[in-house]
2 protein chains.
Amino acid sequence: MPVRIAELSRRSGVPVPTIKYYLREGLLPAGELTSPNQARYSDVHVHRLRLVRAMVELGGLSIAAVREVLGALDDPEKSLHKAMGTVSAAVAPPDSGSEDEVAHEQARAFVERQGWVYRPRSYAHTALVGVLTTAREVGHERFVETLDVLADAARPLAEVDLAYVLSAGSKDEALEGVVVGTVLGDAAMAAVRAMVRRELSGQLDDAEESRSGSDGNDTDPERGES
Amino acid sequence: MPVRIAELSRRSGVPVPTIKYYLREGLLPAGELTSPNQARYSDVHVHRLRLVRAMVELGGLSIAAVREVLGALDDPEKSLHKAMGTVSAAVAPPDSGSEDEVAHEQARAFVERQGWVYRPRSYAHTALVGVLTTAREVGHERFVETLDVLADAARPLAEVDLAYVLSAGSKDEALEGVVVGTVLGDAAMAAVRAMVRRELSGQLDDAEESRSGSDGNDTDPERGES
DNA sequence: CTCACATGGATAGCAGCACTTTCTACTATC
DNA sequence: GATAGTAGAAAGTGCTGCTATCCATGTGAG
């Protein structure tokens with residue numbers, strides 16, 4: 001069922017010019033040319049297109065980052081954890097540059113405490129050092145103390161991620177699972193975390209308000225204000 | 001120790017033109033005018049500036065989103081969980097629009113299963129529905145099954161967040177704790193999660209490679225390739 | 001006192017990014 | 001053989017986050 005670009009656009013929900021743009025940028029493989037100016041696109045293209053949109057819209061990745069990730073995905077030599085590295089690099093915020101000696105040491109101690117391999121040059125590690133540096137800069141030295149809780153929470157998550165990936169039939173599927181698990185996983189985690197936070201803080205506030213009898217306007221605190 | 005703009009720039013590491021820009025955009029309160037064209041800035045400004053940079057660089061927030069968050073921070077009426085709502089709205093990816101009926105139902109069922117209050121209009125909920133919709137679009141229907149694990153993991157995190165916030169001395173500090181906890185917390189979580197993932201997948205790969213005796217190039221998989 | 005230099009405030013400009021529009025062939029089809 | 005669709009390239013657009021320039025005013029070292 002190879003189709004032309006207009007149909008590809010319809011199926012994927014992506015405008016034709018944007019598809020052309022993605023083709024130019026190498027996010028989408030060229031269609032099969034049936035003549036110098038006529039090409040056919042397949043389901044692979046539809047799928048790839050959706051993946052790209054997921055990374056761009058949900059993951060907030062730049063086009064360059066998406067290209068990087070897809071490159072890793074398409075590389076037949078790429079191992080699972082190399083692909084993971086590439087993906088987390090793409091998802092991570094661009095290197096802020098400022099790094100603090102103390103933050104470095106805090107990160108090292110944390111990694112050691114967790115019994116992990118110390119990889120100071122990994123993207124994740126750099127990102128963590130950046131976070132710790134910033135935390136110190138804004139005067140939240142105690143932030144570092146929450147790291148171990150994060151690690152404990154992250155462990156089962158990583159296990160699920162991995163199980164999810166390993167349950168894939170083919171290697172291609174597994175690699176895509178890495179992408180989906182990371183991008184969607186991080187987004188879902190942020191959302192769920194916010195929900196739990198609100199749930200807890202709501203209980204607290206309720207208790208507090210019933211004590212203080214404040215003029216609680218009881219509208220849903222979660223309406224959009226845009 | 002009020003200082004002039006040049007010194008403020010030095011202390012915060014933010015260029016003078018950028019400070020002026022932030023002043024114009026209302027991210028930074030005006031300095032105390034000692035004359036029509038002479039103002040003094042205090043430590044408050046240094047601190048605020050660092051907070052802004054943290055949100056922009058680490059959190060990836062837009063200037064408009066930062067203004068929104070700071071507005072909530074400065075509002076003396078704002079309750080804790082309202083502030084949280086504002087912050088998670090700012091951190092969340094801009095609404096992608098496409099929503100799927102099934103995803104909606106999955107989210108509702110999830111919330112119910114967790115025993116939470118169903119707030120379909122909250123930003124977090126919308127974000128979650130967006131993620132689930134996307135997951136289905138890219139053919140990862142099973143992604144939804146991982147949600148409960150996320151929730152279990154998120155619970156202790158939220159407790160830590162809350163404890164962190166409540167340990168603050170003043171209300172201002174508490175509100176700032178919300179911001180720091182969310183922005184830095186999400187960034188840290190992503191980093192830690194990536195580290196755990198790599199740790200686990202590394203073990204797996206090692207096992208796999210010793211079986212298959214692959215031509216493992218044994219370089220650190222986590223070097224930058226930029 | 002005075003004059004180089006800094007400041008505030010405003011406006012304009014710039015670079016990058018993610019598209020979008022416009023153009024020119026050409027082709028397949030009705 | 002009109003008509004609609006397509007490829008491919010290039011230029012244009014709109015937005016964002018700064019940056020540069022101006023200039024009238026003020027400050028402070030000598």
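So you know, we letter chains A, B, ... as the sequences are listed, proteins then strands, and number each from 1.
- Rounding to whole angstrom units, CD1 of residue B:I5 and C1' of C:dA10 are separated by 14 Å.
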Q) What string of B, S and - do you get for nucleotides 25-30 of chain C, 5' to 3', when a contact is any protein heavy atom under 4.0 Å? A) -BSS--
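- A:R11 pairs by the side-chain hydrogen bond (donor to acceptor under 3.5 Å, both in side chains) definition with A:E7, not counting sequence neighbours.
- Residues that satisfy the salt bridge (Lys or Arg N to Asp or Glu O under 4.0 Å) test with A:D100, not counting sequence neighbours, are A:R136.
- For A:R53, the side chain to side chain contact (heavy atoms under 4.5 Å, CB included) test picks out A:V14, A:T18, A:Y22, A:E57, with sequence neighbours left out.
- Judged as a salt bridge (Lys or Arg N to Asp or Glu O under 4.0 Å), and not counting sequence neighbours, the contacts of A:E145 are A:R142.
- Close approach of DNA chain D to chain A, defined as any atom under 4.0 Å from a non-hydrogen atom of the protein, starts and stops at D:dG5 to D:dA10.
- A:P120 pairs by the side chain to side chain contact (heavy atoms under 4.5 Å, CB included) definition with A:Y118, A:H125, not counting sequence neighbours.
- Heavy atoms of B:L33 sit under 4.0 angstrom from primed sugar atoms or phosphate atoms, though from no base atom.
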Q.
How would you summarise protein contacts on nucleotides 15-24 of chain C per nucleotide, using B for base, S for sugar-phosphate only and - for none, with heavy-atom distances below 4.0 Å?
A. ---BBBB---
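- Not counting sequence neighbours, the partners of B:A90 by the side chain to side chain contact (heavy atoms under 4.5 Å, CB included) test are B:L61, B:A65, B:V69.
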Q. What's the verdict on salt bridge (Lys or Arg N to Asp or Glu O under 4.0 Å) for B:D74 and B:R48, showing C-alpha distance, side-chain angles and the deciding distance?
A. CA-CA 11 Å; B:D74 293 336; B:R48 178 52 65 94; 2.9 Å; yes
Below 3.5 Å, can you tabulate the donor-acceptor pairs from side chains in residues 28-37 of chain B to any protein atom, sequence neighbours excluded?
{"residue": "B:T34", "atom": "OG1", "partner": "B:Q38", "partner atom": "O", "Å": "3.2"}

Considering only distance and modelled atom types, tabulate donor-acceptor pairs under 3.5 Å from the side chains of residues 171-186 of chain A, sequence neighbours left out.
{"residue": "A:K171", "atom": "NZ", "partner": "A:K78", "partner atom": "O", "Å": "3.3"}
{"residue": "A:E173", "atom": "OE1", "partner": "A:G169", "partner atom": "N", "Å": "3.3"}
{"residue": "A:E176", "atom": "OE2", "partner": "A:H47", "partner atom": "NE2", "Å": "3.4"}
{"residue": "A:E176", "atom": "OE2", "partner": "B:H140", "partner atom": "NE2", "Å": "2.8"}
{"residue": "A:T182", "atom": "OG1", "partner": "A:V178", "partner atom": "O", "Å": "2.7"}
{"residue": "A:D186", "atom": "OD1", "partner": "B:R193", "partner atom": "NH1", "Å": "3.1"}

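- With sequence neighbours left out, the side chain to side chain contact (heavy atoms under 4.5 Å, CB included) criterion links B:V160 to A:T146, A:V149.
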